[in-house]
Amino acid sequence: MSASTPRWRALVLLLLGLLAAVGNAESSIKDTPKYGLTDKHEKGRCAMRGTCGRQGFFGSELPCPDNGIAEAPDADTKKKLLDICGEKWDGSDICCLEEQLDALQENLKRADPIISGCPACKENFVNLFCTFTCSPDQSTFVNVTKTEPKGDKKLVTELDQLISTEYGSGFYNSCKDVKFGPTNSRAMDFIGGGAKNYTHFLKFLGDKKFLGSPFQINFPIPDKDEFPKMEPMHDSPFPCNSTDEQYRCACVDCEGSCAALPAVSEEQFCHVGALPCLSFAVIIVYSVFLLLLIIAVSGHVAYQKHSQSKNERLRLLQDAAPSDDEDEGDVVHNAGMLDRPQKYYWLNTLCDAGFSRLGRVCARFPAITISTSILIVVLLSLGWLRFAVETDPVRLWVSPDSEAAKEKAFFDNNFGPFYRAQQAFLVNDLSDAGPQPVLTYETLSWWFDVEARVQRLKSLDGGVTFDDVCFKPTGDACVVQSVSGYFGGPFTHIDPETWKGNLQDCTDNPVSCLPDFQQPLQPVMLFGGVDEEVLDAKALIVTWVVNNHAEGTEELDKAMDWEDSLKGLLLAIQGEAADRGLRLSFNTEISLEQELNKSTNTDVKIVVISYIVMFIYASLALGSTTVAIRSILHNPANALVQSKFLLGVIGIIIVLMSVSASVGLFSAAGIKVTLIIAEVIPFLVLAVGVDNIFLIVHEFERVNVSHPDGPVSDRVARALGRMGPSILLSATTETVAFALGAAVGMPAVRNFAAYAAGAVFINALLQVTMFVSVLALNQKRVEASRADCIPCIRVRRADSASLSGGMVYGLDDEGSFQRFIRKTYAPALLGKKAKVSILAVFLGIFTAGIALIPQVELGLDQRIAIPSDSYLIPYFNDLYDYFNVGPPVYFVTKDLNVTQRQHQQEICGRYSTCHQYSMANILEQERKRPEYSYIADASASWIDDFFLWLNPTLKRCCYDELPVDPEEDPIPCFADRDPPWNTTLYGMPEGTEFIDYLTRWLEAPTTADCPVAGKAAYGTALVVNSDKTSIPASHFRTSHTPLRSQADFIAAYTSARRIADSISRDQHIDVFPYSKFYIFFDQYLSIVRLSCALLGSALAIILVLTTLLLGSLRTGAVVTVTVAMILVDIAGTMAVAGVSLNAVSLVNLIISVGIGVEFCAHIARAFAFPSATVMERAPRHQFRGRDARAWTSLVNVGGSVFSGITITKLLGVCVLAFTRSKIFEVYYFRVWLALVVWAALHSLVFLPVALSVFGGEGYVDPESSGGLEEDLRSRRYPALLADDEYDSDDF
């Protein structure tokens, strides 16, 4: 053991004294009788008396066997006996001598601080040892079984003591729950080795061992046959909840004294069998709907057959007469014209005129427009000079105005930042047989060397050692929680033959094997995977504790420097462990942040590749809009001119310009960029921007066909006039939806929302200005027969007539995919049977999504946030598998004037006048229902230990001055106090006197003579106001049960909040809980409500804006419902794909709103304002009314939606599948893939069908009237339109 003077060791030495000098002990229960050396067993006769010497030089004094008659004590011995054991011994003969009483008194004094908080336990404890030592009937329950000669005397080396079951269990029960505040543990851990029942308690006391009982004492089961002349000690022990107030223990030390807490009203989740009620309900509703649909369809089919049969019979009875109207076919043909909307919508007309005027100006003055746009973007981008990336998880996920952030700041400011822990697991699980015991003599030898290397380690940068940065509670020794601490010295002192027994003894009684820092090492902190005993442990756990400091301080830099060097050393030691067939996992305080940054660097490459793939596709796809195979075959030179690759590249550049401008704008405003913003915003803006570019270009090509002879500026104005309102609709809804997130307190979500809203808005502005100007220049290049990408070269072989887009032939060059939509897909989709099936299928998917929503879990596992090959992955796995200790938790009081008796009673627990539901009492009661409270340990109540420190019976605690003779006890502070110290707190310090004594207590060193002194255990647990009149902050320390999952962490935090709220409410004091992990889980208390509020508000805004801009509540409702269905289906996919709800997935859900609107808005607007030229091409006699407009919307913009968004996003998302980052694979790849798939299916399949069934009225599009194509159609020259649907035989 360490050579330093022990502080806690003497707490165990009290057992040595009680068992040696007094004959105090307990032990294993024997089942076989033994021959006894105590010849006579009768009342009034002793079994041993006095002391006769030691067994060895370092041994303790052992008692002498003495079967003589008990004798009356002399006056001095009697007085001492009554002082120690009580008045009930007055007039009694005894079997002990004065020197035994001296030893008994000295050792009981040392036990007093541990058990004095519970009068019943203390009385039973004193009575047990007084009776065992001095009882006149000692021989009736003590039988000496072995002795050893010592000169002319004999030493007792083994004996039996009979104790009745009633007394043994009553004694144990009175002490089992007594708390020892300074170590935040049970007194039984000190006096009984953590015994779980009275037999273990007695065995621990009786086993002969180093620093324990000096001789073996057995406690056999009392048996009349085995011990015919003996009777067990059967005094009546005082129960801890005794009705005698003199012995009744407080609630914190006795469960029976506690008032019952109100039952915890758990959040009830309704289930029908294994299904949540919500899931069950929607399944039933959908099943009923499906049944009714089948009945309705079957009835309709039957009615149609009956009606058809009846009509055929009537037709047979009538003569068929040919029509005289030779224009009948014309009437039928022109009936389609009657379905065209006839009304104008004033807002659309206004927007159309405004965008037309804007397009004409931009096309006429492209140089001014482009240069102005670039100048504005450059000016906004100057904000990059203040560009800063936020990587601190606290500042990312916790609102600075949230209660959790304020509470963390309060805790750090008053008690200092939480310690920095470096932890390692040494595991033996590499063999095929699975985990095996890790402890061997050779492994211990190697690990001692590893720890010595850690102690000698100097950081590379500053030469910092562990001793420079470690936490030293006693001022001279670093805290290292390791198995090596049990042995207290170099490995050379460990005996290969006895090390297992010594280790087992230390784990049974940690206070007997204290490390250098003099705090007991709890086995649960050091060994993992223990079956029966620690020698079976599958893992060793080692923790180095480093002091933490405020950010930006030199001390923190030193600590991080040493931690970085420790990481390098432990990485090297992993190889050594593997060579020994072992596995080492570890974590330093800086590891997680480093690995998160490493993950980000890995993600950047994948994200960049993803964007490059999307850029290339968008440029090529946009450039091929007018380069069809037929045109190339007709004149290959045209392809060089008609290509729009450069236009596509500029469109992508505009997207990047909008991102740059948004970043610059908000960086200048002091809003930091987050990694989510850097990785997601370009993806989002590209999704929105590319689609708008495709729409503008495709519409411009149609205008080139219908108005080939007009000036370029007029054609651009007409195209933008038609597409501008559509862009306005999507950009406005997206911008407002994203801007909603800026109202959220969570910085990661708020900052993302601001950047996203700004980027989408700026992108839309640049598209309707700068891109339109570039489009006009590009068209002039085409009509001048100049090559794409190299406009200085003129392609002389190009057909200038076809390049202009005129010559009606241009329309014949529509792409094969566009033709497929027009001739095959749209007609098939909008058939009656298809529509019924589609509605049924998509409502089924929607039902499944709702049913799966309750299965979406909350949280973000740290193992997902780091690279899949990180060295931290095994550490987190081992932490969950082997570390059976929960994180510490502090219940903090704020601005409580504890100098007043009323407030003292509101927080204390050990005294009779403490409130029934005081803070200490509630925490103790909650500890006893860990399944609800997640509280595992007793709380360290500073005020209880402070008042105990004042107890004059603890003569070495509170005193004014030490006596000259060190052997004498000092005079206690409260020795002559009137009224005397008492458990009612009557007369205890208040006001300035309270502060004076409290200050002395906090400065008093914690020693073996006074373990309740405050310096070590409570030195940082409370803050005394500078004017010494109040306590602005203090905390009660305890710990959580082991937390194995995100659900456990969330539940523990929720429970701590509940407990703190109940204390605050009942006692009218300000209390909050604090643990290091709380700040990261605060979001989950409100994230479901926040998600519903954000997404619900976004959907409401979509409904308002679409209704306003489309002129129809029904159409707006269809769009809103479609976006809601996309969100629900994504949420259902999250449940299936294992994606939990957290801030990252909430950001993705907000993105889903924006992308969903982008998918749906253009089709909805093309439905509300159908293009007359496209609508006229609808199949005759097949589509009327809403069906015709739904067909028109699909043909008009369906191709753009598919090629502009779906394919672009699908390519980009698929690249993310190759990332090494688990968080990107789970939260981006899976969610975005679901977004693209569900949004594409809903916009291109469900939405047209829903609009054809439920859509609102349509309006005339001002830009769709006039032009060559319509003129030809009105003059009935369809053959010139090169439309496959027209057959010349009809005319």
Side-chain angles (χ1 to χ4, degrees), residues 1-2 4-16 19 26 110-111 113-115 175-176 178-196 200-201 203-213 439 444 451 473-474 477-489 493-494 498-528 530 532-537 539-545 883-886 888 936-938 940 1006-1008 1011-1012 1016-1017 1037-1039:
M1 297 299 292
S2 171
S4 61
T5 302
R7 298 179 183 271
W8 298 102
R9 188 176 291 113
L11 296 177
V12 179
L13 291 180
L14 71 91
L15 298 178
L16 176 71
L19 295 172
E26 322 179 0
R110 291 178 174 174
I114 303 176
I115 60 175
C175 295
K176 67 178 181 179
V178 177
K179 308 304 177 300
F180 185 57
T183 60
N184 200 37
S185 58
R186 300 187 308 157
M188 189 58 65
D189 295 337
F190 295 90
I191 65 173
K196 303 300 181 184
H200 290 165
F201 183 22
K203 182 182 186 310
F204 173 82
L205 290 174
D207 282 346
K208 180 180 179 180
K209 54 182 174 288
F210 176 67
L211 291 180
S213 174
L439 281 169
L444 276 180
E451 291 192 10
T474 58
C478 298
V479 173
V480 180
Q481 294 179 320
S482 169
V483 64
S484 64
Y486 282 141
F487 298 97
H493 294 174
I494 299 178
T498 62
W499 71 271
K500 290 185 178 180
N502 292 340
L503 178 60
Q504 190 68 56
D505 290 342
C506 288
T507 56
D508 288 342
N509 182 23
V511 294
S512 66
C513 305
L514 296 176
D516 293 341
F517 62 92
Q518 300 301 306
Q519 298 286 327
L521 290 169
Q522 298 300 326
V524 71
M525 300 285 292
L526 310 180
F527 305 99
V530 177
E532 299 295 332
E533 54 185 21
V534 295
L535 295 174
D536 299 327
L540 289 181
I541 308 168
V542 182
T543 307
W544 295 270
V545 183
F883 197 55
N884 200 35
V885 178
D937 292 334
T1006 305
T1007 65
V1012 294
R1037 183 182 68 253
T1038 180
S1039 67

**Message:** Between His493 and Phe487, is there a side-chain heavy-atom distance shorter than 4.5 Å?
**Reply:** no
Across all chains, not counting sequence neighbours, the side-chain hydrogen bond (donor to acceptor under 3.5 Å, both in side chains) partners of Glu451 are Trp447, Ser482, Ser484
With sequence neighbours left out, the residues meeting side chain to side chain contact (heavy atoms under 4.5 Å, CB included) with Leu540 are Leu426, Val438, Leu439, Val483, Phe527
Exercise. Do the side chains of Pro520 and Leu514 get nearer than 4.5 Å, heavy atoms only?
Worked result: yes
Taken to the nearest 0.5 Å, the spacing of Leu535 CG from Thr507 OG1 works out to 7.5 Å
CG of Asp207 to CG of Asp505, rounded to nearest 0.5 Å, is 8.5 Å
**Study point:** Donor-acceptor pair, side chain of Thr1038 and main chain of Asp937, under 3.5 angstrom
**Key:** yes
Here the gap from Lys179 atom NZ to Met188 atom CE, rounded to the nearest 0.5 Å, amounts to 10.5 Å
* Do Gln481 and Trp544 have side chains that get closer than 4.5 Å, going by heavy atoms? -> no
Interatomic distance, SG@Cys513 vs CG@Leu503, rounded to 0.5 Å, equals 8.5 Å
Residue set satisfying side chain to side chain contact (heavy atoms under 4.5 Å, CB included) with Val545, at least two apart, ordered chain then number -> Tyr419, Phe471, Val479, Thr543
Across all chains, not counting sequence neighbours, the side-chain hydrogen bond (donor to acceptor under 3.5 Å, both in side chains) partners of Asp189 are none
Applying side chain to side chain contact (heavy atoms under 4.5 Å, CB included) to Asp508 and not counting sequence neighbours gives Gln504
Next on the checklist: I'd like to know if the side chain of Tyr486 and the backbone of Leu521 have a donor-acceptor N/O pair within less than 3.5 Å.
Outcome noted: yes
